[in-house]
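A short write-up of the structure that comes next.
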Amino acid sequence: MKNTLESLLAQALERLRSDGLVPAGAVRQVRLTHTRDKSHGDYATNVALALAKAAGMPPRELAERIVAALPAHPAVRRVEVAGPGFINFFLTEGAHHAVIRQVLEAGARYGRSDRGAGRPVQVEFVSANPTGPLHVGHGRGAAYGATVANLLEAVGYRVHREYYVNDAGRQMDILATSVWLRYLELTGQDLAFPSNGYQGDYVWDIAATLHREHGEDYAAPVEQVYEGVPPDAPAGDREAHIDALIGRAKALLGDIRYRYVFDLALATILDDIRDDLEKFGVVYDQWYSERSLVERGLVMQAVERLRKAGHIYEKNGALWFRSSEFGDEKDRVVVRDNGQFTYFASDIAYHMDKIERGYDRLVDVWGADHHGYVPRVKAALAALGDDPARLDILLVQFAVLWRGGQKVQMSTRSGEFVTLRQLRKEVGRDAARFFYVMRKAEQHLDFDLDLAKSRSADNPVYYIQYAHARVASVLRQLAERGWRFEPQAAELARLTDTREEDLAAALARYPEIVEHAALGHEPHMLAHYLRELAHAFHTYYNAVPFLVEDSALRNARLSLVLAVQQVIRNGLELLGVSAPERM
RNA sequence: GCGCCCGUAGCUCAGCUGGAUAGAGCGUUGGCCUCCGGAGCCAAAGGUCAGAGGUUCGAAUCCUCUCGGGCGCGCCA
């Protein structure tokens with residue numbers, strides 16, 4: 001409907017343009033919105049206000065001219081100029097009700113569009129280091145990224161979901177060494193575990209696997225391991241300490257055995273993360289290995305490309321990328337004085353590769369604490385000759401958990417509630433997925449665990465799901481009374497109650513909500529919409545009986561209610577939340 | 001110090017990219033089932049949109065400054 005009206009307006013403006021009244025390009029100014037107040041009709045536009053100056057006439061007068069030039073349309077009952085120069089559209093009753101049949105006919109497809117025209121988009125999200133289980137902080141990135149991906153798909157993009165696996169850095173060496181040290185402890189030796197090592201129980205678990213499957217094959221005397229290693233903090237430097245231990249692990253194990261421990265740790269943790277996300281309803285098309293970037297020489301190629309383009313220089317024995325010429329606040333090292341690539345160098349290569357894989361748009365979902373990193377990645381794309389505007393970096397603020405009116409401490413040490421797995425176990429997948437995307441991404445999120453678990457109206461997830469289940473229940477009642485839903489028998493024109501009109505209007509808005517949420521990367525809009533729709537439904541349910549003797553009216557009301565159910569189901573599907581038939 | 005995000009009802013937040021009288025939920029107060037699921041509904045009270053300037057027909061929304069909160073500023077990943 002909205003599109004129809006927009007095209008009518010475009011035609012009107014085109015006529016006025018050929019009369020020389022409005023400038024070329026005016027059509028792009030067309031912006032149609034739903035009215036908040038019913039006395040302003042169903043849709044309104046402010047084009048006349050926006051174009052008044054360029055047209056050189058008062059807004060109201062221009063509005064009148066536009067209305068006069070507007071082609072007639074059967075769904076439009078009346079068009080009027082109001083206020084300072086708004087043009088308000090009033091639709092016919094039939095137009096209001098038409099959406100009900102549209103929803104029922106389109107079913108699961110209702111709300112989807114081909115706006116993206118199948119263009120390929122890559123969405124990269126979570127990408128947490130595989131050095132431990134997913135933290136509750138990663139959960140928001142997971143829920144948000146997955147929902148943004150779903151939304152983009154719904155509006156017609158071809159979406160590729162990707163997880164970038166940082167399997168090549170120093171953190172992974174620390175993990176492998178931590179596992180090996182725990183393994184040495186399992187062989188019965190005592191040692192002082194490094195303060196900088198990974199302390200979690202999962203490290204013990206991996207070490208136990210190694211011990212169970214390979215006995216003492218990976219053992220070495222602790223005295224040899226620690227011989228000549230500089231002291232740990234607080235007496236010494238913890239970084240130097242752990243680096244020396246990594247070196248010792250590599251030396252004593254040799255390349256092959258070290259790599260085995262490393263890969264065992266990586267595979268175990270990655271399996272855990274994959275499983276965790278799958279149970280959270282988050283599935284990837286690809287897990288992209290940083291190590292593969294290095295091994296294929298892509299990192300070297302990326303640096304070489306920058307060098308050839310004249311954006312690399314040497315200083316203090318290191319290679320620097322002149323990112324400050326592309327909007328970054330300072331230049332950045334890509335190759336350290338010890339010859340190793342920095343993490344940033346891999347990231348340049350990774351984004352170069354993304355572009356080369358032919359995506360139209362790139363979406364990165366990052367934790368907001370990485371925001372300082374945005375300019376340098378964009379700078380790299382620009383320096384490589386690509387358009388940085390093709391990359392959208394979406395920053396997600398942290399979530400703070402609350403229980404019993406208190407902030408939940410989330411330190412690894414306290415052993416309190418830290419993993420996504422635990423969160424899922426406590427509040428369930430549906431509540432977790434919904435709560436994570438309830439707020440816009442750049443807003444800090446207060447995640448109320450008690451509320452997420454409560455089964456009441458206070459809890460928006462249950463409130464929405466309950467509306468869906470209630471419709472299912474109505475259908476069960478229908479069958480018990482020996483009736484069936486007969487859509488052909490429905491006389492939609494009988495739906496004249498204001499609550500029925502409100503519901504139909506809400507249904508008509510759904511495709512626009514999806515499009516808006518998708519293009520703006522704002523899943524919270526869909527979450528809010530569904531709550532409003534559920535509210536309109538509950539109000540209707542309480543006020544009007546559906547299962548009445550009058551077949552034409554009964555089937556009309558059932559049509560409306562089933563359409564509501566369909567839209568709730570479609571919306572929840574995009575959010576990754578289930579739509580139960582009974583609760 | 002510099003940069004990014006945020007500041008809207010007692011609390012948690014929306015506000016459709018500058019529109020018409022700023023909206024929800026919770027909480028508070030008062031109501032509603034012999035009827036399709038009370039995990040529900042209705043109503044009332046509650047606002048200097050942090051503050052001050054500016055831009056214009058029109059600002060919670062855009063610009064500048066001030067105040068307050070969060071985060072970030074490595075040859076770490």
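Just so it is clear, the values below take in all heavy atoms, side chains as well, and ignore hydrogens, waters and symmetry mates.
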Re B:A43: Watson-Crick or G-U wobble partner, both distances kept under 3.5 Å, found to be B:U29
Just call it for A:Asn88: base, sugar-phosphate, or nothing, with non-hydrogen atoms closer than 4.0 Å on any strand.
-> base
Give the nucleotide from the list B:U17, B:G7, B:G37 with an atom nearest to the side chain of A:Thr33.
-> B:U17
Pick base, sugar-phosphate or nothing for A:Arg509, based on heavy-atom distances below 4.0 Å to the nucleic acid.
-> nothing
Identify whether any heavy atom of A:Glu329 sits under 4.0 Å from a base atom; if not, whether one sits that close to sugar-phosphate; answer base, sugar-phosphate or nothing.
-> sugar-phosphate
Nearest-nucleotide pick for A:Arg439, side chain only, options being B:A77, B:U12, B:C41 | B:U12
Verify stack between A:His528 ring and B:A24 base, 5.5 Å, 30 degrees = no
Heavy-atom pair with the smallest gap, counting every atom of A:Ala345 and A:Val303 | CB-CG2, 4.5 Å
Complement of B:C71, any strand, by Watson-Crick or G-U distances under 3.5 angstrom | B:G3
So what does A:Phe398 touch, heavy atoms closer than 4.0 Å: a base, only the sugar-phosphate, or nothing?
-> nothing
Quick one: label A:His444 by what it contacts on the DNA or RNA (base, sugar-phosphate, nothing), any heavy atom closer than 4.0 Å.
-> sugar-phosphate
Side chain of A:Phe86 - closest among B:G15, B:C71, B:A20 = B:A20
So, is A:Arg336 close to the B:A77 phosphate, meaning a side-chain N or O under 4.0 Å from OP1 or OP2?
-> yes
If you look at every heavy atom in A:Arg569 and A:Ala579, which pair is closest and at what distance?
-> CG-CB, 3.9 Å
Check whether the side chains of A:Tyr540 and A:Glu500 place a donor and an acceptor atom closer than 3.5 Å, and report yes or no.
-> yes
Heavy atoms under 4.0 Å, any strand shown: does A:His40 hit a base, just sugar-phosphate, or nothing?
-> base
Under 4.0 angstrom, heavy atoms only, what part of the nucleic acid is A:Asn316 near: base, sugar-phosphate, or nothing?
-> base
Can you tell me if A:Glu290 and A:Ser346 form a side-chain donor-acceptor pair at under 3.5 Å?
-> yes
Please determine, for the side chain of A:Leu547, which listed nucleotide (B:G3, B:C36, B:A39) has the closest atom?
-> B:C36
Ranking B:G38, B:C75, B:A77 by distance to the side chain of A:Arg470, first place goes to B:G38
Residue from A:Thr539, A:Val567, A:Leu533, A:Val561 passing side chain to side chain contact (heavy atoms under 4.5 Å, CB included) with A:Leu503 | A:Leu533
With a 4.0 Å cut-off on heavy atoms, is A:Ile513 in touch with a base, just the backbone sugar-phosphate, or nothing at all?
-> nothing
Once you apply the 3.5 Å cut-off to both distances, tell me the Watson-Crick or G-U wobble partner of B:G18, or none.
-> none
Scan A:Asn129 against the nucleic acid and name what it touches under 4.0 Å (heavy atoms): base, sugar-phosphate only, or nothing.
-> sugar-phosphate
Which of the following nucleotides, B:G37, B:G72, B:A77, is nearest to the side chain of A:Arg170?
-> B:A77
B:U56: pairing nucleotide in any strand, Watson-Crick or G-U under 3.5 angstrom = none
Specify whether A:His311 and A:Phe326 have parallel, tilted or perpendicular ring planes, treating 30° as the upper limit for parallel and 60° as the lower limit for perpendicular.
-> perpendicular
Identify whether any heavy atom of A:Val544 sits under 4.0 Å from a base atom; if not, whether one sits that close to sugar-phosphate; answer base, sugar-phosphate or nothing.
-> base
Parallel, tilted or perpendicular, as decided by the 30° and 60° cut-offs, for the rings of A:His135 and A:His138 | perpendicular
How would you label the contact of A:His535 with the nucleic acid (heavy atoms, under 4.0 Å): base, sugar-phosphate, or nothing?
-> sugar-phosphate
Now, which nucleotide makes the Watson-Crick or G-U wobble pair with B:C65, with each of the two distances under 3.5 Å?
-> B:G51
Which part of the nucleic acid does A:Ala467 contact within heavy-atom distance under 4.0 Å: base, sugar-phosphate only, or nothing?
-> nothing
Is A:Ser473 touching bases, backbone alone, or none of the nucleic acid, heavy atoms closer than 4.0 Å?
-> base
How should the glycosidic conformation of B:U17 be described, syn or anti, under the criterion that syn lies within 90° of 0?
-> syn
By the Watson-Crick or G-U definition, both distances under 3.5 Å, B:G23 is matched with B:C13
